[in-house]
Amino acid sequence: MGVNMLTGGMSVAHLRSPRIRYEAATTQIPVIDFGLLKQQSTVTARSAVIEDIKNACQKLGCFHVVNHGISKSVISGALEAASSFFHLPPEKKSEFESFDLKKPVRYEAALQGNNNKLRLLLKHYANPLRDWIPFWPQNPPNYRETMGAYSKEIQQVAVQLIYAILESLGLGPNYHITNLENGMQLMAVNYYPYNNTAPHKIGLHAHTDYGFITILLQTCDGLQISHNNGNTWQPVHIQPGALHVHLGDHMEVLSNGRYKGLMHRAVLGCEERISMASIHGLSMNEKVGTLKELVDEQHPKRYRESSFTDFLEFISSGNNCGGKSFIQSLRNV
């Protein structure tokens, strides 16, 4: 099944008017050369990239990554597997439908009026891969193999990027977070249908993601970001071969607010769109708190500790209704 190959856990924000307002001047998203973060690069080259990451995180909360080392075949295989799953007969997908947010695999269809589809979603945990892959769909037959290969490589990229972001906070190249490599990876695979009657209709409302970072791959434009709490929106255009990376709530907590989670949303377009968001953090029950190195008299601790389980309980309890997001619930006031 063909996919347009231009090779790409949420905290719901307060929902404003659906009318789209674009930023007067679109801010160019920085491009980070992942290859220069590797050990064989020179100290000068690595330092320059770390500084670029710092500026991107402070000013935008996101960046593109090139030279990430994930092959075109791995990327195309994952996108093809995702497309094939969403085009399965409804009864094949419905076995994964559930309102239980803690299920290891969960499928849902977001509908609006006359059963018009706004978004199809398949979520599943992916790290450690050997623990979660037995729960994944077996249809299409190659789903586990191809999506597993992509998830494994994305996890490796994510760990290196998280450490680079921590280095950009002044923590040094040897800073270590216990069990980060075995932390949570949640794959949120989205399908947005063809829509030629209402372009720019909201397919996924404004939100921030719960984890440290999200790595996004998308087959065509549709992602929008906001740097002013949803007052204006900027489209994120695809850069062939690049991955889009943005910061989540737990990176804001970890950095004591020096870096902020990025508010984003998705709009429908005039062609089918698949996006694969890989959200990365610590393990499900492990608490994330502000790093002690980033707390002093001038910068007191600003956030409560929380885990991914706490986030799920927050969403399940309906605490996000009325406009309060998960990150807002963590801020000390």
Side-chain angles (χ1 to χ4, degrees), residues 9-14 16 23 27 29-30 32 50-63 158-159 161-173 175-178 180 183-184 206-216 225-234 244-265 277 279-282 286-315 319-320 322-333:
M10 300 175 293
S11 180
V12 178
H14 180 68
R16 290 177 167 78
E23 294 183 3
T27 304
I29 296 177
I32 302 300
I50 295 298
E51 186 66 21
D52 288 341
I53 290 175
K54 176 181 178 180
N55 291 333
C57 290
Q58 285 181 333
K59 296 176 182 178
L60 296 178
C62 67
F63 48 86
V159 169
L161 285 175
I162 291 170
Y163 278 126
I165 292 170
L166 295 179
E167 187 175 346
S168 77
L169 286 164
L171 298 173
Y175 195 86
H176 182 72
I177 295 180
T178 303
L180 177 62
M184 178 64 66
H207 65 280
T208 56
D209 294 335
Y210 85 91
F212 290 148
I213 64 172
T214 296
I215 302 179
L216 181 73
I225 59 177
S226 176
H227 305 113
N228 51 20
N229 203 31
N231 289 317
T232 58
W233 292 91
Q234 172 182 334
H244 173 80
V245 179
H246 59 248
L247 306 183
D249 293 343
H250 274 164
M251 184 59 74
E252 181 172 334
V253 171
L254 204 69
S255 69
N256 205 24
R258 296 189 186 186
Y259 297 161
K260 304 290 187 183
L262 180 68
M263 184 177 291
H264 56 286
R265 69 182 184 184
I279 304 173
H280 301 266
L282 296 184
E286 192 166 353
K287 298 283 187 179
V288 175
T290 298
L291 297 174
K292 66 181 186 300
E293 293 85 353
L294 302 179
V295 177
D296 55 32
E297 290 185 3
Q298 288 73 37
H299 305 92
K301 184 178 178 181
R302 299 173 55 191
Y303 300 86
R304 296 187 297 106
E305 293 183 345
S306 69
S307 65
F308 179 57
T309 299
D310 295 330
F311 166 73
L312 293 179
E313 291 177 353
F314 177 86
I315 298 297
N319 286 329
N320 59 314
K324 191 172 186 179
S325 67
F326 179 61
I327 188 63
Q328 288 172 327
S329 75
L330 299 179
R331 291 173 180 151
N332 295 326
V333 292

Considering only heavy atoms from C-beta outward, does the side chain of Y163 approach that of L171 to under 4.5 Å? no
Please identify each residue that fulfils side-chain hydrogen bond (donor to acceptor under 3.5 Å, both in side chains) with T290, with sequence neighbours left out. none
Would you say that D249 contacts V288 through its side chain, given a criterion of any heavy-atom pair below 4.5 Å between the two side chains? no
Hits for salt bridge (Lys or Arg N to Asp or Glu O under 4.0 Å) against E286, two or more places apart or cross-chain, chain-then-number order -> none
Applying side-chain hydrogen bond (donor to acceptor under 3.5 Å, both in side chains), name anything that partners T214, two or more places apart in sequence or on another chain. D209
Using the ring-ring contact (aromatic ring centres under 6.0 Å, His included) criterion, which residues pair with H280? Sequence neighbours excluded. none
CG-CG distance between L166 and L169, expressed to the nearest 0.5 angstrom: 6.0 Å
Can you confirm whether K54 is buried at NZ, in the sense that more than 12 heavy atoms of other residues, nucleotides or ligands lie under 6.0 Å from that atom? no
About how many Å separate CD of Q328 and OG1 of T208, when rounded to the nearest 0.5 Å? 8.5 Å
The criterion is side-chain contact (heavy atoms from CB on, under 4.5 Å); which residues satisfy it with K260, sequence neighbours excluded? E252, R302, Y303
Close side-chain approach of H207 and S325, heavy atoms under 4.5 Å: no
Any non-hydrogen side-chain atom of I29 less than 4.5 Å from a side-chain atom of I225? yes
Heavy atoms, side chains only, cut-off 4.5 Å: are I327 and R331 in contact? yes
Interatomic spacing from CD1 in I213 to CG in L161 - rounded to 0.5 Å: 5.0 Å
Can M263 and W233 be said to form a side-chain contact (heavy atoms from CB on, under 4.5 Å), step by step? CA-CA 10 Å; M263 184 177 291; W233 292 91; 3.8 Å; yes
Is a donor on one side and an acceptor on the other found under 3.5 Å between the side chain of R258 and the backbone of C57? no
Sorted by chain and number, sequence neighbours left out, side-chain contact (heavy atoms from CB on, under 4.5 Å) with D310 holds for K287, S306, S307, E313
Of all heavy-atom pairs linking Q234 and H227, the shortest is OE1-CE1, 3.8 Å
Should F212 and I165 count as side-chain neighbours, where that means a heavy-atom distance under 4.5 Å? no
H250 vs F326 side-chain heavy atoms within contact, under 4.5 Å: yes
Hits for side-chain hydrogen bond (donor to acceptor under 3.5 Å, both in side chains) against S168, two or more places apart or cross-chain, chain-then-number order -> Y259
Under 3.5 Å donor-acceptor pairs involving side-chain atoms of residues 293-300, not counting sequence neighbours:
from : atom 1 : to   : atom 2 : distance (Å)
E293 : OE1    : Y175 : OH     : 3.1
E293 : OE2    : Y175 : OH     : 3.4
D296 : OD1    : Q298 : N      : 3.0
D296 : OD1    : H299 : N      : 2.7
D296 : OD1    : H299 : ND1    : 3.0

Could you check whether any side-chain heavy atom of V245 comes within less than 4.5 Å of a side-chain heavy atom of L216, counting everything from C-beta outward? no
Would you say H264's side chain and L262's backbone share a donor-acceptor pair under 3.5 angstrom? yes
